[in-house]
Amino acid sequence: MGMVFCRACGKELHETAPLCPHCGAPQALASKPAPRSVDEGGFFDYALRPLTQYAVFQGRARRKEYWYFYLLLMVVNFVLGFLSGVFDSSGLSILSALLMLAALVPSIAAGVRRLHDTNRSGWWLLLPFVNLVLLCFDSDVGSNRYGPSPKYPD
């Protein structure tokens with residue numbers, strides 16, 4: 001246990017003291033933030049995770065992470081396409097094409113990690129209709145040969 005300083009008088013006091021013994025001012029007890037659970041995170045936390053793991057082909061990715069990423073890409077592409085049509089601008093079409101090109105490697109990496117989450121090899125991505133079905137399967141419970149489950153911790 002350590003010592004902290006009073007917020008009112010600035011004198012040193014024990015960190016668990018509810019009141020300052022010198023001036024009597026109430027002290028806010030510092031509490032440690034609760035650890036994040038496995039499922040915490042909003043839409044953008046999951047949707048942007050493949051961009052932070054740009055070319056990581058090892059490990060596992062939850063269904064939520066994979067599909068939120070694709071949803072974000074499709075919404076951004078739709079908005080750029082809509083604005084391109086409204087303003088009759090080829091510049092926005094080029095921007096949309098560059099976005100899809102920049103998202104190619106993270107998309108493949110997220111797909112491979114998603115297949116790893118279902119205990120399948122990333123090579124299944126080469127079969128277009130089969131992989132679409134496989135990408136919809138739920139995660140394997142517990143660890144598999146690709147690592148621990150992000151959804152079902154051991």
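Because only heavy atoms are used, hydrogens play no part in the values below, and waters and symmetry mates are left out as well, while side chains stay in. Throughout, numbering of the chain's residues begins at 1 and tracks the sequence. What you are looking at is a predicted structure, and each value in this text was computed from that prediction instead of being measured.
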What closest approach, in Å, do [X] and [Y] show between heavy atoms, and which atom pair accounts for it?
X    : Y    : result
Y46  : P50  : O-CD, 3.4 Å
S143 : P148 : OG-CA, 3.5 Å
L73  : S107 : CD1-OG, 3.9 Å
P150 : R62  : CG-CG, 3.6 Å
A61  : R114 : O-NH1, 3.2 Å

Answer with yes or no whether the hydrophobic clustering places [X] together with [Y]; edges join I, L, V, M, F, W, Y residues whose side-chain heavy atoms lie under 4.5 Å apart.
X    : Y    : result
V75  : L104 : yes
I94  : L101 : no
V130 : V133 : yes
L135 : M74  : yes
L134 : F129 : no

Value rounded to 0.5 Å, distance of [atom1] in [X] from [atom2] in [Y]:
X    : Y    : atom1 : atom2 : value
N131 : L115 : CG    : CG    : 6.5 Å
D140 : N119 : CG    : CG    : 4.5 Å
R113 : I108 : CZ    : CD1   : 12.0 Å

> Would L71 and F43 satisfy side-chain contact (heavy atoms from CB on, under 4.5 Å), going step by step from the backbone distance to the final call?
Replying inline: CA-CA 10 Å; L71 178 62; F43 173 78; 3.8 Å; yes
Would you call [X] and [Y] a side-chain contact if the rule is heavy atoms closer than 4.5 Å?
X   : Y    : answer
L51 : F69  : yes
H14 : P21  : no
E65 : Q53  : yes
F44 : L72  : yes
Y54 : V105 : yes

>> According to side chain to side chain donor-acceptor pair (under 3.5 Å), does anything in residues 67-83 pair up with another residue at least two apart or in another chain? List the pairs.
In response: N77-S96
>> Listing request: all side chain to side chain donor-acceptor pair (under 3.5 Å) pairs with a residue in residues 83-95, at least two apart in sequence or in separate chains.
In response: S84-S93
>> Tell me whether F82 at atom CZ has more than 12 heavy atoms from other residues, nucleotides or ligands lying less than 6.0 Å away.
In response: no
>> How about CZ on F78, more than 12 heavy atoms from neighbouring residues, nucleotides or ligands closer than 6.0 Å, or not?
In response: no
> Under 3.5 Å, is there a donor-acceptor pair between the side chain of R60 and the main chain of G147?
Replying inline: yes
>> Looking at N144 and T118, would you say the former's side chain and the latter's main chain have a donor-acceptor pair under 3.5 Å?
In response: no
> Are D138 and R63 ion-paired here, with the side-chain N under 4.0 Å from a carboxylate O?
Replying inline: yes
